[in-house]
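All residue numbers in this chain count up from 1 along the given sequence.
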Amino acid sequence: MFGRSVFQSVVERLAAERAAEDDELPRAHRVSGLSSGFVREAGAAPATDGRRAEDLYRDLMAEDGEAESVVPPAEPAPPEEPPVMPPHLTRLSPQEIAEDLALSANDTAATLAERRRRFARANHPDGVHEAFRDAANMRMKVANLLIDEALARVG
């Protein structure tokens, strides 16, 4: 103990205790803490891939006299109708977007924030069909610019 640090003494004592415990326990050929169901026994049947198991099952069903069911080919989906653009997404000029926002000189920071959220719910690019995302993106950019300018005026 003399000439060594406390840490070295503790490590040596723990190593000695572990060695004593290992000597007391019988040697087993398994990892401590793993259940026996985790390890496959040597005499068990070899594992097969899923396709082989399916083929064996189908062979078994054919031997029983049952006819194999044939899955009919899926019918092609009807052509998708082109989406119709909502009328508000056609209003892309700053004047039209300002009208849609209904900005006024009496707006406060709180009312402008509410108008931004309401406008985003109806016009955000993530909420519209993919074909209309560019228009929605343009509307959001202009609306955010208009609201930011109004917030700067509010102070």
- Item | T111 side chain to E114 side chain, donor-acceptor N/O pair below 3.5 angstrom | no

- Please answer: with hydrophobic residues joined when any side-chain heavy atoms are less than 4.5 Å apart, are L145 and L92 in the same cluster? no

- Within the side chain of D107, is there an N or O that forms a donor-acceptor pair under 3.5 Å with the backbone of S104? yes

- Item | Members besides F132 in its Ile/Leu/Val/Met/Phe/Trp/Tyr cluster (side-chain heavy atoms under 4.5 Å) | M85, L89, V128

- Task: Determine, step by step, whether D100 and R139 satisfy the salt bridge (charged side-chain N to carboxylate O under 4.0 Å, His left out) criterion, reporting the C-alpha distance in whole Å, the side-chain angles of both residues, the deciding distance to 0.1 Å, and the verdict.
- Result: CA-CA 10 Å; D100 293 345; R139 281 180 60 84; 2.9 Å; yes

- Message: Tell me whether Q8 contacts the main-chain N or O of S5 through its side chain, where contact means a donor paired with an acceptor under 3.5 Å.
- Response: yes

- Query: Is the number of heavy atoms from other residues, nucleotides or ligands under 6.0 Å of E130 CD greater than 12?
  - Reply: no

- Taking R115 for the side chain and L101 for the main chain, is one N or O donor matched with an acceptor at less than 3.5 Å? yes

- Message: Keeping N137 on the side-chain end and R133 on the backbone end, is there a donor-acceptor pair under 3.5 Å?
- Response: no

- Please step through side-chain hydrogen bond (donor to acceptor under 3.5 Å, both in side chains) for the pair S9 and E12, ending with a clear verdict. CA-CA 5 Å; S9 300; E12 287 179 11; over 6 Å; no

- Query: Yes or no on side-chain contact (heavy atoms from CB on, under 4.5 Å) for F119 and H124, after CA distance, side-chain angles and deciding distance?
  - Reply: CA-CA 8 Å; F119 191 86; H124 198 278; over 6 Å; no

- Taken to the nearest 0.5 Å, the spacing of N123 CG from M138 CE works out to 13.0 Å

- Could you grab the distance from atom CD1 of I147 to atom CG of L103, nearest 0.5 Å is fine? 6.0 Å

- Distance (rounded to the nearest 0.5 Å) between R91 CZ and H88 NE2: 10.5 Å

- Message: I need the minimum non-hydrogen distance between A136 and P125, along with the two atoms involved.
- Response: CB-CA, 3.8 Å

- Carboxylate-amine/guanidinium proximity below 4.0 Å for R116 and D148: yes

